[in-house]
Novice: 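Quick one: this structure, given as C-alpha cells, is what I'll be asking you about.
These numbers come from the heavy atoms of this one structure, side chains and all, not from hydrogens, waters or symmetry mates. Just so you know, residue 1 is the first one in the sequence shown, and it goes up from there.
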Amino acid sequence: MAHIVILGAGTGGMPAAYEIKEAIGKEHRVTVINASEKFQFVPSNPWVAVGWRKKEDITFEIRPYLEKKGINFIAQPVTKLDAEANKLHLANGEIVEYDYLVITTGPKLAFEEVEGSGPVNGHTQSICTVEHAEKAYEAYQRFVADPGPIVVGAMAGASCFGPAYEFAFILDADLRKRKIRDKVPMTFVTSEPYIGHMGLAGVGDSKGMLESDLRGKHIKWITSAKVTKVEPGRMLVSEHNEKGEVIKEHELPFKFSMMLPSFKGVDAVAAVEGLCNPRGFVIIDEHQRSKKYRNIFSAGVCVAIPPVEVTPVPTGAPKTGFMIETMVTAIAHNIRDELAGKPATESATWNAICLADMGDTGAAFVAIPQIGPRNVNWFKKGKWVHLAKIAFEKYFIRKMKKGTSEPIYEKYILSKIGIERLK
C-alpha cells in the first residue's frame with residue numbers, strides 16, 4: 001500500500017486529493033495536510049474586500065468532505081520537508097511519512113520585499129487570502145466614511161495581475177453605487193510594461209480594451225512601475241523606460257490601497273536543496289515531477305514557470321485555474337501509472353484561460369499556448385463573464401463539497417467562447 005500525501009488544500013490541493021484518490025483506488029492511502037481547517041475560494045476575495053461576499057460564503061470545513069471520500073486530513077503547518085527521508089515534520093511535532101508527495105501549497109506572500117507594504121506590518125491591503133480580504137473590507141468601510149485617493153495594483157515580481165484589475169473595477173463599481181465615486185481619484189500602479197500585459201505579453205486586444213476601460217472609469221495608470229516604499233498615506237513609485245532606467249519618481253497619496261505582492265515559495269519547501277529555484281518555486285519536468293526527487297510532484301502557483309518575456313520591471317507568468325486543473329489531472333494519472341508499474345507519460349496543458357470580474361461586467365481571456373505564437377489569442381468583454389464568474393464560484397464550492405474530480409474549467413469556458421464566436 002502506497003501513501004500519497006498532498007501538501008496544501010486550496011484550489012489545486014482539494015481537486016488533487018479527489019482526483020488522485022479516484023485514480024489509485026482503495027488499496028492506497030491519501031492524506032491531505034493543510035495549515036488551516038478551512039478551504040477558501042480565493043478568486044472571490046475581491047468581493048469580500050468590498051462587502052459583496054462574507055467569509056462564510058466562500059469557505060467551509062475541509063475535514064468532513066475529505067473523510068467522506070476516505071481521504072485523511074491533518075490541519076497543521078509543515079515546518080520541515082525531509083525529501084531524502086520522505087518525511088514531513090509538522091508544527092505539533094508529528095512526523096508524516098510518504099511514498100509520493102504532491103506539493104500544492106500556493107505561494108508565500110513576499111510583502112517584506114517592499115518596505116511598508118502589506119496588511120499586517122504595512123500600510124497597504126491585500127486580497128490574497130480571505131483573512132486579508134476581511135481586513136481590507138474593514139479598512140474600506142472606514143474609507144467610504146471619509147473618502148480620498150485610492151491606489152491599486154501589483155508590485156514588481158507579481159505574477160497574477162488579473163485580481164488587481166478586478167479589484168480596481170470592482171472598487172469603481174461599488175463607489176458608483178455609493179454615489180461617492182466623484183470624491184475618489186484612482187491610480188492603477190503595475191509592474192507590467194503596458195496595461196493588459198497580464199504577465200503574458202498581452203492576450204488579443206487586452207491592451208486596447210483595458211486602457212479604454214480604465215480611461216472610461218477615470219482611473220489613471222503607471223506602468224513599468226516599481227514601488228520602492230510605502231508610508232502612511234503615501235506610496236513612492238519609480239517609473240521605468242524600456243531599458244529599465246528610472247524616468248520618473250512618483251509620490252502617490254492614498255487613503256486606501258490594495259497592492260498585490262510578489263510571490264515566493266513557502267519556507268519549508270523552499271529550504272529543500274535542489275527542489276526549488278532561487279525564489280522557492282518547485283522545479284518540475286514535463287510530467288509535473290521534481291527533477292531531483294522523483295517521488296515529488298507539484299501543481300499550481302508554487303511551481304516554477306519562467307516569465308513569458310523579460311520586462312523592464314520584473315513580472316511573473318500567471319498560473320490560471322485551467323492550467324492548474326490540467327496539472328492536477330496529469331499528476332493523478334502519472335501516480336496511478338507508476339503504482340501500476342508503468343512510466344509516467346501525462347503532461348499538463350500550458351494554456352492560460354481566465355475569467356475576470358469587473359464589477360458589473362467582466363473580461364475573459366484565452367492564450368493557447370501561454371507563450372506565443374499562439375493558436376488562440378482571445379480576449380472578450382461582456383456581462384456574461386460577470387455572471388459566469390458568479391456561477392463558477394458556486395459550482396466549484398459545491399463540487400469541492402461533493403467530492404467530484406470532474407474537470408469543468410475547460411469545458412465551461414471554451415464552450416462559452418464557441419457561443420460568443422457565433423454572435
Novice: Has Glu346 got a side-chain atom pairing as donor or acceptor with His333's backbone, closer than 3.5 angstrom?
Specialist: no
Novice: Can you tell me how far the CG atom of Asn34 sits from the OG1 atom of Thr105, to the nearest 0.5 Å?
Specialist: 10.0 Å
Novice: If I take atom CE from residue Met323 and atom CD1 from residue Ile353, how far apart are they, to the nearest 0.5 angstrom?
Specialist: 9.0 Å
Novice: CZ of Phe281 to OG of Ser159: how many Å apart, nearest 0.5 Å?
Specialist: 6.0 Å
Novice: Let me know which of Ile95, Val96, Thr79 forms a side-chain contact (heavy atoms from CB on, under 4.5 Å) with Leu90.
Specialist: Val96
Novice: Does Lys291 have more than 12 heavy atoms from other residues, nucleotides or ligands lying within 6.0 Å of its NZ?
Specialist: no
Novice: Tell me yes or no: between the side chains of Gln125 and Tyr140, is some donor less than 3.5 Å from an acceptor?
Specialist: no
Novice: Test Met400 against Phe60 for side-chain contact (heavy atoms from CB on, under 4.5 Å), laying out the working first.
Specialist: CA-CA 10 Å; Met400 291 300 97; Phe60 60 84; 3.6 Å; yes
Novice: Given side chains that start at C-beta, do those of Val114 and Pro261 come closer than 4.5 Å, heavy atoms only?
Specialist: no
Novice: Is there a side-chain contact between Lys402 and Tyr65 (heavy atoms, below 4.5 Å)?
Specialist: no
Novice: Given 3.5 Å as the limit, does a donor-acceptor pair link the side chain of Thr190 with the main chain of Thr223, or not?
Specialist: no
Novice: Report the C-alpha separation of His3 and Glu97 in whole Å, then their side-chain angles, then the decisive distance to 0.1 Å, and conclude whether the side chain to side chain donor-acceptor pair (under 3.5 Å) test is met.
Specialist: CA-CA 8 Å; His3 186 204; Glu97 297 184 1; over 6 Å; no
Novice: Which is it for Trp52 and Asp57 under the side-chain contact (heavy atoms from CB on, under 4.5 Å) test, yes or no, and what are the steps along the way?
Specialist: CA-CA 10 Å; Trp52 294 4; Asp57 296 328; over 6 Å; no
Novice: For the side chain to side chain donor-acceptor pair (under 3.5 Å) test, which of Lys226, Glu249, His250 pairs with Ser238?
Specialist: Glu249
Novice: Considering all heavy atoms of both residues, which atom of Ile324 and which atom of Gly300 are nearest to each other, and what is their separation?
Specialist: CG1-CA, 3.6 Å
Novice: Tell me, with the steps shown, if Met155 and Glu113 meet side-chain contact (heavy atoms from CB on, under 4.5 Å).
Specialist: CA-CA 9 Å; Met155 301 285 192; Glu113 294 185 346; over 6 Å; no
Novice: Does anything in residues 29-46 form a salt bridge (charged side-chain N to carboxylate O under 4.0 Å, His left out)? List the pairs, not counting sequence neighbours.
Specialist: Glu37-Arg63
Novice: Minimum heavy-atom separation for Ile71 and Ala17, please, with both atom names.
Specialist: CD1-O, 3.6 Å
Novice: Taking the side chain as every heavy atom from C-beta outward, state whether Asn45 and Cys128 have any atom pair closer than 4.5 Å.
Specialist: no
Novice: Could you go step by step and tell me if Lys380 and Val385 meet the side-chain contact (heavy atoms from CB on, under 4.5 Å) rule?
Specialist: CA-CA 9 Å; Lys380 187 77 172 179; Val385 186; 6.0 Å; no
Novice: May I ask you to decide if Ala367's main-chain N or O and Asn377's side chain share a donor-acceptor pair within less than 3.5 Å?
Specialist: no
Novice: Mind checking the OG1-CG spacing from Thr345 to Asp337? Nearest 0.5 Å is all I need.
Specialist: 5.5 Å
Novice: Mind listing the side-chain donor-acceptor pairs of residues 160-169 below 3.5 Å, one per line with the distance, residues two or more places apart or on another chain?
Specialist:
from	atom 1	to	atom 2	distance (Å)
Tyr165	OH	Glu192	OE1	2.8
Tyr165	OH	Glu192	OE2	3.2
Tyr165	OH	Gly196	N	2.9
Glu166	OE1	Lys389	NZ	3.3
Glu166	OE2	Asp357	N	2.7
Glu166	OE2	Lys389	NZ	2.6

Novice: Kindly indicate whether the side chain of Val151, heavy atoms from C-beta on, has any atom under 4.5 Å from the side chain of Val237.
Specialist: no
Novice: Out of curiosity, Ile6 CD1 to Asn72 CG, how far, rounded to the nearest 0.5 Å?
Specialist: 10.5 Å
Novice: In this structure, which one of Val30, Asp99, Asn295, Ile24 forms a side-chain contact (heavy atoms from CB on, under 4.5 Å) with Ile335?
Specialist: Ile24
Novice: Taking the side chain as everything from C-beta on, heavy atoms only, tell me whether Ile20 gets closer than 4.5 Å to Tyr100.
Specialist: no
Novice: Measure the OG1-CG distance between Thr228 and Leu236 for me, rounded to the nearest 0.5 Å.
Specialist: 4.5 Å
Novice: Fit a plane to each ring of Phe41 and Phe392, take the angle between them on a 0 to 90° scale, and name the class: parallel (under 30°), tilted (30 to 60°) or perpendicular (over 60°).
Specialist: tilted
Novice: Start with the C-alpha distance between Glu309 and His197, add both sets of side-chain angles, then the distance that settles side chain to side chain donor-acceptor pair (under 3.5 Å), and finish with yes or no.
Specialist: CA-CA 11 Å; Glu309 63 180 359; His197 181 277; 2.7 Å; yes
